[in-house]
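Numbering of ligands and ligand atoms starts at 1, following listing order.
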Amino acid sequence: MDNYAKLWLEYSPKGKNKDCKLLKNIVFGGTASDRIIENAKKELTLGLKGMLDITPVITVNFDEAAGKKPEQTALSSGKEILDSEEYTVFIKDESLCISSKSSTGILYGAFDILRTVASEKDVETVYADDKTVRPSNPLRMLNHWDNMDGSIERGYSGKSFFYENNEIVINERTVDYARLIASVGINAVVINNVNVKQAASYMITDRYFAKLAELGEIFAGYGIGLYLSLNYASTIEIGGMDSADPLDEGVKAWWKEKMAEVFKKIPTLKGFLVKADSEGRPGPFTYGRTQADGANMLADIAKEHNALIIWRCFVYNCRQDWRDKKTDRARAGYDNFMPMDGDYHDNVILQIKNGPMDFQIREPISPLFGGLKKTNQMLEVQIAQEYTGQQIDLCYLIPMFKEILEFKTYCNGGTKTSDLSDKECSDGTVTGSEGWSDIEDIGGNGSVKPDSCDTVADIISGKTFNSRFSGIAAVTNTGNDFNWTGDYLAGANLFGFGRLAFSTGLSSGEIAEEFIRMTISNDRDVVDTIKDILLPSRAIYEKYTCPLGIGWMVKPNTHYGCSVDGYEYDRWGTYHRADHLGLGVDRTDKGTGYALQYNEPNASVYNSPEKCPDELVLFFHHLPYTHVLHSGKTVIQHIYDSHFEGYAEAEQLAAKWETLRDKIDKDIFDNVSERFTRQLYNAREWRDQVNTYFHRISGIEDEKGREIY
Ligand code: GCU
């Protein structure tokens, strides 16, 4: 047996499609053969042999007229990337055909067919009409927070499979990893932690070039671009200089020479991710320069090598005094990046965390989305479950990501001129079938879409502002554990992130169903039971942890488990401000003013305790415990009820899982059962600590008289 699971590429025998003649003759059309095509052939051959005992004859039929699009490079525009990655699967003359303008598109088509077979859908029916899929986002990226000593920052599934003892490790698992992520549509990967320290600073030196070049080739064979996190102060740390001032000619000259060397030695490298001026990392602020100065200096040099600079917006003061009620960490991203909208050069992408704080179970959407109008933007989410259960507690994150993507920013003025334009943009993207339903409508003429077309999905797909580069990145949840993600069901977040990034229109349920069918079982009862477990899991986690959008209340440093005051009197800007009368942070016009960073009507909605949605009300308002929510409950009663309910519902999840005992693979069953045991312990701790804390501090009894310690 292998020493790691194959997950959704298991290719175990399937009952359906055994006699499907179409699968015996497969034609790739539209592009000349290359290593990606060879990998697509290999994959189909392996998959169809394993699942159906069919050895397909695969022909490559390069049609000059259809093909001809250049392969995707970092600097082909977002629209070109989408164009070239689109694929069509269709039936012609007893053959199943895939056509695309690029070999990557053909590879995606091959994985589409394998997904159909693995989920036991009828091939003839699925492809009876031509099936065309265009990815929703140009960049679909995973960010590894792997360190070169083999540890993973916020990793919950073992050690890194990229590094051991400060060396890069390349083996069969590396190739299988590339296959796994390409199969769900990932086309970019950053392989080292954003906190670039020690050995990682030397990634851009001779010490690692050979291995990085080899790694880059493996990824390139699956249409995946290699990116590195960069130490902003490399001039000092490895260059022996005394400055990293972005406007210093010496600094620029150093980078010019360095990048020429790096891109020559690692030809597949597509660019860099930079965390600057954040949580102790160096950056342009040290020299009195702006974030744009820093990003542009690197981008201008990277551009000579056709590469991108992805610059993170996670810049805030992490040395705050908790008594200072005006400094608000939530404001920081907008305050630091908005003033330079339009100044960032065209191969810079700003990477923005979904919320203004830090991957809490509930946060409002960053107001930079809808604020920035002249800047390339990418959304950053976290599938590593740092604050959402650490791959012990189950938290299927796709419903949360759907909410983020569907959020209306009102960046185009907030008025709708017609229902039609609404449909053509966000509605088509978010709720349509796979891919974009409105392919002709992308524009590409540099104009801003009128009105609507203003959801986060619209912005990051590049549609709203016809931006050149955009997309979505996830801090990934993988490690060298047997099943890659610690909790087997956390694999649904890895799978789901890729599928959602590629086809934003898919629903959380559709994605869950695909994952279950491909990795666990096609038995209808099993599929339904696991869907019933995955889909509500995020809501349940939210119920027994931090109420009404307030966040934090976690144990410091580890971020797992409850500590109501753990981050309260600390320096990180993470306060709930509870006293004997009430709790919540006043971020209205009378408080920190954060609510006003949104476009209307969002600003007015968040600014008002009456209008603000319940789930975010304590993020924006400091309220008495007796304040009545839209739900009709008081704040304090909501806290009690949701914590009792959350624990009870977690128990139900575990009980549902128990019904699968003899119906699924024993290792999978045991792995998830063990996690549920730990989840229940954790959920009980959260319930009791939160309820006790607020019972004592408020002095208000639970209406239902339940046991509070
Ligand atoms: C969080 C996380 C850190 C990480 C940081 C980031 O604060 O706890 O480990 O480095 O986010 O996103 O850079």
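Between the side chain of Glu542 and the main chain of Pro547, no donor-acceptor pair closer than 3.5 Å is present. In this structure, the side chain of Asn376 does not engage the main chain of Leu350 through any donor-acceptor pair within 3.5 Å. Under the 3.5 Å distance criterion, the side-chain polar atoms of Ser151 are left unmatched by any main-chain donor or acceptor of Asn147.
With hydrogens left out, the protein atom closest to atom 13 (O) of ligand 1 is Lys275 NZ, 2.6 Å, a heavy atom. Of all protein heavy atoms, the one closest to atom 8 (O) of ligand 1 is Glu386 OE2, 2.5 Å. Given atom 11 (O) of ligand 1, the protein heavy atom at minimum distance is Lys353 NZ, 3.1 Å. Ranking the protein heavy atoms by distance from atom 5 (C) of ligand 1 puts Glu279 OE1, 3.2 Å first. For atom 3 (C) of ligand 1, the nearest non-hydrogen atom of the protein is Glu153 OE2, 3.4 Å.
The shell of residues lying under 4.0 angstrom from ligand 1, judged by heavy atoms, excludes Gln382.
Heavy atoms of Asn193 found under 4.0 angstrom from ligand 1: none, in either backbone or side chain. When non-hydrogen atoms are compared, ligand 1 lies under 4.0 Å from neither the backbone nor the side chain of Val475.
One finds no salt bridge joining Asp341 and Lys373 here, because no Lys/Arg side-chain nitrogen approaches an Asp/Glu carboxylate oxygen to under 4.0 Å. Note on Lys555 versus Glu685: no salt bridge recorded, every NZ/NE/NH1/NH2 to OD/OE distance being 4.0 Å or above. With respect to the salt-bridge test (charged N to carboxylate O, under 4.0 angstrom), the residues Lys303 and Asp346 qualify.
Within ligand 1, counting atoms from 1 as listed, the ones closer than 4.0 Å to a heavy atom of Phe314 are 5 (C), 6 (C), 7 (O), 11 (O), 12 (O), 13 (O). Heavy-atom proximity to Asp358, at under 4.0 Å, picks out these atoms of ligand 1: 1 (C), 7 (O), 11 (O). Atoms of ligand 1 lying under 4.0 Å from at least one heavy atom of His559, given by number and element, are 8 (O). Residue Arg154 approaches ligand 1 through these ligand atoms, each under 4.0 Å from one of its heavy atoms: 2 (C), 3 (C), 8 (O), 9 (O).
Residue Trp145 has no N or O atom closer than 3.5 Å to an N or O atom of ligand 1. Not one N or O of Ser278 is nearer than 3.5 Å to an N or O of ligand 1, by distance alone.
By the 6.0 Å and 45° rule, Arg329 stacks over the aromatic ring of Tyr316. Figure legend: Arg587 and Tyr606 shown without cation-pi pairing, the cationic atom not lying both under 6.0 angstrom from the six-membered ring centre and within 45 degrees of its axis. Annotation: cation-pi geometry satisfied between Lys353 and Phe314 (NZ/CZ under 6.0 angstrom from ring centroid, within 45° of ring axis).
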